[in-house]
Asks: 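Supplied in structure tokens, the structure appears directly below.
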Amino acid sequence: MTQRRLCRFEEIPEGGGRGFRFASGPDLAAFFVVKRAGALYAYVNSGPHLGTPLDFLPDRFFDRDGRHLLCSTHGARFRIEDGYCVEGPCAGKSLRPALIRVDAGDILLGD
Ligand code: FES
């Protein structure tokens, strides 16, 4: 994968996230980045069992208490740290991690 600049580190709010989409149709690639306790976590924006984007409302990736990532369509909850589904129809499966790094304040996707 080529490297893409997603946004600035400070553009991801603490306790919040942002989704990113590239291309369209069969080439669509969708990712999201969330920030918790100052750390970033990034995943492919596709639930493990049906491939639905997690955010029914744009950029809403956390459940109500902010402890887990949530598939808004099906109610599955995922650990923030590793994307493992702890509850819901995807239980026991995991979100696919996306490789990111921060360079001079820019969040970069890819290797
Ligand atoms: S895709 Fe939504 S819970 Fe599995």
Side-chain angles (χ1 to χ4, degrees):
M1 176 194 284
T2 55
Q3 204 167 64
R4 291 175 185 270
R5 180 190 175 280
L6 297 180
C7 66
R8 298 283 299 166
F9 180 85
E10 61 270 18
E11 290 180 283
I12 308 287
E14 174 60 38
R18 269 185 77 176
F20 302 90
R21 295 162 67 93
F22 302 105
S24 60
D27 296 328
L28 175 68
F31 304 90
F32 68 95
V33 181
V34 296
K35 185 187 287 179
R36 186 158 191 237
L40 298 176
Y41 304 91
Y43 297 98
V44 176
N45 193 3
S46 175
H49 83 290
L50 288 179
T52 312
L54 270 67
D55 55 334
F56 183 72
L57 295 174
D59 299 334
R60 291 278 191 89
F61 295 100
F62 285 98
D63 62 1
R64 196 169 296 188
D65 63 12
R67 292 183 53 210
H68 290 97
L69 302 172
L70 177 72
C71 175
S72 302
T73 305
H74 308 111
R77 287 181 160 75
F78 303 87
R79 286 195 301 238
I80 298 165
E81 309 78 43
D82 60 6
Y84 181 79
C85 182
V86 296
E87 178 188 347
C90 296
K93 297 183 177 176
S94 296
L95 299 171
R96 272 183 293 150
L99 186 62
I100 58 166
R101 67 186 178 90
V102 178
D103 183 15
D106 288 327
I107 302 173
L108 304 175
L109 174 73
D111 42 21

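Note that the structure is a prediction, hence the values are computed from the model and not measured. Both ligands and their constituent atoms are indexed starting at 1 by order of listing.
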Asks: Any salt bridge between D63 and R77, counting N to O under 4.0 Å?
Replies: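 Salt bridge between D63 and R77, a charged N being under 4.0 Å from a carboxylate O: yes.
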Asks: Are V44 and F22 linked, directly or through other ILVMFWY residues, by side chains that come within less than 4.5 angstrom of each other?
Replies: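 Shared cluster, yes.
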Asks: Under a 4.0 Å threshold between the charged nitrogen and the carboxylate oxygen, would D106 count as salt-bridged to R5?
Replies: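 Salt bridge present between R5 and D106.
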Asks: Indicate yes or no: does R36 engage E14 in a salt bridge with an N to O separation below 4.0 Å.
Replies: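 Looking at E14 together with R36, the answer is no, because their closest N to O distance does not fall below 4.0 Å.
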Asks: With Y84, which residues qualify under side chain to side chain contact (heavy atoms under 4.5 Å, CB included), at least two apart?
Replies: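 In terms of side chain to side chain contact (heavy atoms under 4.5 Å, CB included), with neighbours along the sequence ignored, Y84 is linked to R79, D82, V86, S94.
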Asks: Using a cut-off of 2.8 Å, find all protein N, O or S atoms closer to atom 4 (Fe) of ligand 1 than that distance.
Replies: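 Short answer, with waters excluded from the count: H49 ND1, C90 SG.
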Asks: Look at the side chain of D59 and the backbone N and O of G19, then say whether any donor-acceptor pair between them is shorter than 3.5 Å.
Replies: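 Between the backbone of G19 and the side chain of D59 there is a qualifying donor-acceptor contact (under 3.5 Å).
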